[in-house]
Amino acid sequence: MKNYRADLHIHTTLSPCGDLEMHPVNIISEAEKKGLDIIGITDHNTTRHCKLISQLAAKKDIFVLQGAEVTTKEEVHCLVFFEKTDALKTFQDYLDTNLPDILNVPEIFGDQVQVDENEMIIFEEPRLLVNALCKSLEEVEKFVHSLNGLFIPAHIDRLKNSIYSQLGFLPDDLAADALEISRNSSPEKFGAAHPEINRFPLITSSDAHYPENIGMASTNFYIENASFSEIRFALNGDKGRRISRI
Ligand SMILES: [Zn+2]
Ligand SMILES: [Zn+2]
């Protein structure tokens, strides 16, 4: 086994707040430059860039955890990831069904474009992706787990769109696979003020919206190979797998 360096929170050109330089080819080349072995693709309420990025990354021996950053009804951001293509597709349908019918205004919120490997636009999402789904944190968690996915509340230390900022506390029965601490804090620092988080695995990631952000925070996975099941083992501390932070 060995350490694989992972940044599990990266946005693309599909997120309105994602820079137009965050197209699939550029993301992979930045990840390679930064020495990342595993990246998570987590656009706001969409998984539509995951497949292409996964295909391109495989050529560079980088593993892609495919998912999204979901905004729940309470406006809590949560990272979700899926192993199987059919689960990812089912979750995309869930996002499409539960996203409010409010159109994006690109001049205000930014472009939401899907591109191909030649950086040509192939789709533009008409609805504003940063809006909250009409599903609660618990409903999203249960749906993600029904698809055998991973559910990770994002940047829990942030004063906006985090479980603490929106709920004011960490629910006792929260069924999270891990919690994410933003690059502005640290698990040690935030865990000292909120010891209840220490019952969960804690990951740190970049929440990159610009190429230069990629890899600014990362988590080491001590695993046999870069795969979904090994990452799950590491989060659970199973079979000698584990996470460690850089
Ligand atoms: Zn977020
Ligand atoms: Zn994000």
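First listed ligand is number 1; within each ligand, the first listed atom is number 1. Because the structure is a prediction, the values reported are computed rather than measured.
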Backbone of Q92 reached by a side-chain donor or acceptor of R48 within 3.5 Å: no
Salt bridge (charged side-chain N to carboxylate O under 4.0 Å, His left out) contacts touching residues 189-208 (sequence neighbours left out): R158-D207
Side-chain donor/acceptor of N98 to backbone N/O of L133, under 3.5 Å: no
Close aromatic pair by centroid cut-off 6.0 Å: H77 and H44: yes
Identified side-chain hydrogen bond (donor to acceptor under 3.5 Å, both in side chains) partner of H155 from the options E69, E180, H9: E69
Protein N/O/S atoms closer than 2.8 Å to the Zn ion (ligand 2): H9 NE2, H11 NE2, E69 OE1, D207 OD1
Ring geometry between H194 and Y164 (parallel below 30°, tilted from 30 to 60°, perpendicular above 60°): tilted
